[in-house]
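Note sheet for the following structure.
Letters go in sequence order (proteins before strands), and every chain restarts at 1.
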Number of protein chains: 2
Amino acid sequence: MQKKDFSDGPCPVARTLGVVGDWWSLLIVRDALNGVRRFNDFHRGLGCAKNILSSRLAKLVEHGVLRTVPASDGSPYREYELTEEGKGLRLVLLALRQWGEDNLFEPGERRTTAVDRASGRPLAPLEMRDADGRPLGPDDVEVRAPAP
Amino acid sequence: MQKKDFSDGPCPVARTLGVVGDWWSLLIVRDALNGVRRFNDFHRGLGCAKNILSSRLAKLVEHGVLRTVPASDGSPYREYELTEEGKGLRLVLLALRQWGEDNLFEPGERRTTAVDRASGRPLAPLEMRDADGRPLGPDDVEVRAPAP
DNA sequence: CTCTCCCGGTTTCGACATTAAACCGAGAGG
DNA sequence: CCTCTCGGTTTAATGTCGAAACCGGGAGAG
């Protein structure tokens, strides 16, 4: 994230990582998706240095992932709210979550789980699908360079 | 990525970021999914410092995302190959890609595209689904803490 | 009015990570 | 024998991060 700048490159993956590709940004978005809105709540939940949190929040606001709003209750402070753009990152977070569940946990180990609010059951694994909605296997996909 | 260690925490997102959460790792995996296998090819494709590339490759091997194999052709060098675990990250990469396409490109701007190899058409957007395969909206999902 | 605490940061500074560039050993080619 | 490429490692300069100190505004206590 530091020196290299892919923000004008042709790869959407690299551009996205330019916005949320550092250690804290996606964890901030994760907490924001869970309803966290206040500086100190992010700070406590993440345990990251306050100056870093401050700069990350500013960067996310700058890129339109978060916006600041005056106050939700009567308190005189502002809060951080996900934009629609920011909410779109829930798919990224879910993909990261499912990969971690599958590969980084022992069976039976304690973990947080994303569930369907209505039924309380865990979500289905994400699937790649073609334009008609048919599931695609690992080798059915390739990345094409842009037209010249 | 640097000091904080979430590798024994309860959140699969944080654990996953501990493995691939730094600037270069996911770009390495992206190139690996595109068939890159050799050190110098990664180096040229990414433009990152060679010592960093070296340490990232080693870390990904250590975490089981990549493995080294003796040689694919006759050359005396080893190559880096995705494990099944590593291939599972294609969903993460696709989620990042689709978010970037939707939010970080002007209409008509040049970009790489993930397509169904059979039809050549772009993939459908990823969708969250419940355990029965029914699509879920943004607010139908919540994250539950582990059982005590 | 004054004292103090809490919130939301900013500043400072030492530690650590990253970078570019130089270097190096093994193997291939000429 | 000389040189080139591959796959790194080492080195020195630079940049970034983290912990802690600091700070200003507002609220509440007395």
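Note: CH2 (A:W23) to C1' (C:dA17) measures 15 Å, nearest angstrom. As a whole-Å value, the separation of B:I52 CD1 from D:dT16 P is 13 Å. Atoms CG (A:D22) and C1' (D:dG18) sit 15 Å apart, rounded to a whole Å. Rounded to an integer number of Å, the gap from NE2 of A:H43 to C1' of D:dA19 is 10 Å. Atom P of nucleotide C:dT19 and atom CG of B:L46 are separated by 11 Å, given to the nearest angstrom. Regarding B:D5, its CG atom lies at a distance of 13 Å from the P atom of D:dG18, rounded to whole Å.
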Footprint string (nucleotides 6-13 of chain C, 5' to 3'): B base within contact, S backbone only, - free, heavy atoms under 4.0 Å: -SBBBBB-
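Through direct or relayed side-chain contacts under 4.5 Å between Ile, Leu, Val, Met, Phe, Trp and Tyr, A:L126 connects to A:L91, A:L94, A:L123, A:M128, A:L136, A:V141, B:L91, B:L94, B:L123, B:L126, B:M128, B:L136, B:V141.
Between B:Y80 and B:F42, the ring planes lie perpendicular to each other; the angle is over 60°, past the 30° to 60° tilted range.
Shown here are the salt bridge (Lys or Arg N to Asp or Glu O under 4.0 Å) partners of A:D31, two or more places apart in sequence or in another chain: there are none. Not counting sequence neighbours, the partners of A:R15 by the salt bridge (Lys or Arg N to Asp or Glu O under 4.0 Å) test are B:E109. The side chain to side chain donor-acceptor pair (under 3.5 Å) search around B:D8 returns none, not counting sequence neighbours. Taking A:E142 as the reference, A:R144, B:R117 meet the side chain to side chain donor-acceptor pair (under 3.5 Å) condition, with sequence neighbours excluded. Partners of A:T112 under the side chain to side chain donor-acceptor pair (under 3.5 Å) rule, at least two apart in sequence or in another chain, are A:R97. Remark: B:N34 pairs with no residue by the side chain to side chain donor-acceptor pair (under 3.5 Å) rule, at least two apart or across chains.
The C1' atoms of five pairs define one axis at each end of the helix from C:dC1-D:dG30 to C:dG30-D:dC1, and these two axes lie 0° apart (to 10°).
Look at A:W24 and you'll find a side-chain N or O under 4.0 angstrom from OP1 or OP2 of D:dG18.
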